[in-house]
Amino acid sequence: MLSDFRPVPGLLQALTLLRVESAGPVVHLRLARPAKRNAMNDLLVRELQTAFVNLPSDARVAIVSGEGEHFCAGLDLSEVTEQDVTQGILHSRAWHAAFEQIQFGPVPVIAALHGAVVGGGLELASTAHLRVADASTFYALPEGQRGIFVGGSGSVRVSRLIGVSRMTDMMLTGRVFDANEGHAIGISNYRVEAGQSLAKAYELAQAVAKNAPLSNYAVVQALPRIAEMAPAEGLFVESLMSAIAQGDEAAKERVRDFLAKRAGKVRQAS
Ligand code: 1HE
């Protein structure tokens, strides 16, 4: 999907709080601030945005994970104490810009979760298109207890993922969901054994990367937008998107392969 674009050479490797590695079509971005439990300061937020704007041109899927014991402890609270109201708004808008780039970037994004996925960490996870959680994962929105409010798109993305009622509970009471509860309420798409979330994310990424790029792009770009439209408009956009995807040579080839019995059938999960 990134065609001829080439990022500035060495840019991704020059990031300091984000480690970026590519393996074939999969690009892996690892929050690399484990001493602070991957709490996101301004630099890390900007590095995330930079990375997603400058993904390698052959990337087809991105994985986001966290180094150390936890996925992400949310906002770096040491940045909050000195901010005035204007700085607070700009700070939140910087998170929005970065997270918009993740959700509506060129490729599907899989979050590999473990340990704390809290505050802005849950907002980041909600920005991904798929979430894999291992047994150690837990979710919280301690903003209420810290006297602040979500500012990294949680009121839009977390509430759509788990519902306003559950989000309200988490914020008012400090409720913490463990991996099983988080799975039951739909935060994770996959729940795996401790230490296995990255391996599962890679397995899923390989499968996603085999899809036609335009089809993946339509899923990532069109589905969330259509979900926000009135049904009549949504259906019309669906028809357009469907026709565009079908018109792509990659789609024609895949359908021909199936009709000629060269493509796999849908099989029940074993
Ligand atoms: C931090 C942060 C942080 C850890 N900002 N420094 N997020 C929170 O309210 C969550 C706060 N963090 C925690 O509850 C715990 O740290 C964890 C459950 C995530 C991990 O516990 P643990 O025992 O493994 O680590 P720790 O000993 O608490 O933390 C290790 C260090 O990281 C320590 O610093 P040190 O200098 O004493 O070693 C902690 O102070 C530091 N640390 N989390 C700053 N969040 C866009 S709006 C989003 C709004 C929010 O995200 S609000 C929720 C913020």
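Each ligand, and each atom within it, is numbered from 1 in the order the structure gives. Small disclaimer: the values here were computed from a predicted structure and weren't measured.
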Handout entry: Positive for side chain to side chain contact (heavy atoms under 4.5 Å, CB included) with Leu17, one of Leu31, Asn38, Asn41
Key = Asn41

Exercise for the section: Among Met40, His91, Glu143, find the residue that satisfies the side chain to side chain contact (heavy atoms under 4.5 Å, CB included) test when tested with Leu75. Expected result: His91

Handout entry: Between Gln103 and Arg157, a side-chain donor and acceptor under 3.5 Å
Key = yes

Handout entry: Test item: side-chain donor near acceptor, Ser215 and Asn211, under 3.5 Å
Key = no

Practice task
Verify whether the ring centers belonging to His28 and Tyr202 lie closer than 6.0 Å.
Solution key: yes

Practice task
Determine whether Leu77 and Arg146 make a side-chain contact, defined as any pair of heavy atoms from C-beta on separated by less than 4.5 Å.
Solution key: yes

Fill in the blank from the handout: Within the heavy-atom cut-off of under 4.0 Å, ligand 1 is lined by Ala35, Lys36, Arg37, Ala39, His70, Ala73, Gly74, Leu75, Asp76, Leu77, Trp95, Ala116, Val118, Gly119, Gly120, Glu123, Pro142, Glu143, Arg146, Ile148, Gly151, Gly152

